[in-house]
Amino acid sequence: MIRTKPEDAGFFSLLAATAAVLVFEIFFIFLKAPIEARMGIVQKIFYFHVPSAYAMYIGATACFIGSLMYLVKSSESTDAFARAGAEAAVVFGSIVLTTGPLWGAKAWGTFWTWDPRLTTELLSVLIYVAYLVLRAFAGESTGERRFAAALGILGAANLPIIHFSVQKWGGQHPVVITGKGGGLQHPDMKLALALGFLTFTLLAVSLVWARTRLLIVQSRLQRAEEDAIDFGLDTRMES
Amino acid sequence: MSDPASDQTPSDRATTFQAVQGNQPEHYSGEVLLVSAYSLVFVILLIWVAISWRKVTELRIRLDDLERAIGAAPPKSRGAARNGPSERPRAP
């Protein structure tokens, strides 16, 4: 029998809320939100594409905070938080880079163009991929972790560039969400996007939390095994 | 509207299969089915995350036990690994 802790109850509540909002979001987008007049049903990609980009920012921010804290005071939890954030950034960034070209094929007639926003987004995802490759192959010593933390901070520097690239350098990428109310003309369209933001926020928090916890346990396990061998203990445990 | 299948005796229903004549009506909305399928896939994915969390909880409990065993190990057991596996005390 597994002992349940308050942390478990909190996580399962979060996951249940995520599942409920996610299902409602899918039903709302496809069965309630109106079809856009010019683009047709393809426009509905927007309700996943934009919140995914936002969720990528959440992961990247987690990586930035974890990396910064690790450089200030090294600990397993801050390192794991940074790594989990980078993983989330890659996952959600990949969703952005998959859904965007699908929309572009319909809107622009091409899957990819070297538009400033697309290029900076790709660059950002590649930075976090580099972070994860570094963590996977360079070992677990303090030097490698500190180097990865510096990369995690560098990756975050690209986020404002992605965000303001359209305003600064133009390009084809549309700006639908603006400070003046945005381009969504129907209330259900606005609600679908708001639900998308809520869904992907919950999803990003759930995944970062779960991965952080797993990485901390992995790190503790590795240290305990080394200690056990040093003490001459048999580390084979009965299941 | 009477159902042709209900007009038959149980033995007829068991031995004959009759095709629908003319345009076949769609009984279920394809849109709803598609959306339901996608929702189900995501819910299954989240259940998998929940199961993974549960497994990490199990692992953490076993890790606590291991760390307790290491903490309780006498100092003389340090280096016992070099003497062979048969002399090692076993973690709970």
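Since the structure is predicted, the reported quantities are computational estimates derived from the model, not experimental observations.
- Thr78(A) places a side-chain N or O within donor-acceptor distance of the main-chain N or O of Ser75(A), the cut-off being under 3.5 Å.
- Neither the backbone nor the side chain of Ser52(B) comes within contact range of chain A; no heavy atom of the residue lies under 4.5 Å from a heavy atom of that chain.
- For chain B, the nearby part of Leu203(A) is the side chain; its heavy atoms alone come within less than 4.5 Å.
- For the set Gln218(A), Glu7(A), Arg213(A), the count of heavy-atom pairs under 4.5 angstrom toward chain B peaks at Arg213(A).
- Of the atoms belonging to Ile26(A), heavy atoms from both backbone and side chain fall under 4.5 Å from chain B.
- Annotation: side-chain contact (heavy atoms from CB on, under 4.5 Å) contacts of Leu15(A) (sequence neighbours excluded): Phe11(A), Ser206(A), Leu46(B), Val49(B), Ala50(B).
- A distance of 14.0 Å separates CZ of Phe42(B) from CD1 of Ile47(B), quoted to the nearest 0.5 Å.
- Residue contact with chain B, scored on non-hydrogen atoms closer than 4.5 Å, involves the side chain of Leu207(A) exclusively.
- Chain B forms the most heavy-atom pairs under 4.5 Å with one residue out of Glu25(A), Arg223(A), Arg220(A), and that residue is Arg220(A).
- Scanning both residues, Thr212(A) and Ala84(A), for their nearest heavy atoms gives OG1-CB, 3.3 Å.
- In this structure Tyr54(A) satisfies the ring-ring contact (aromatic ring centres under 6.0 Å, His included) test together with Phe197(A), sequence neighbours excluded.
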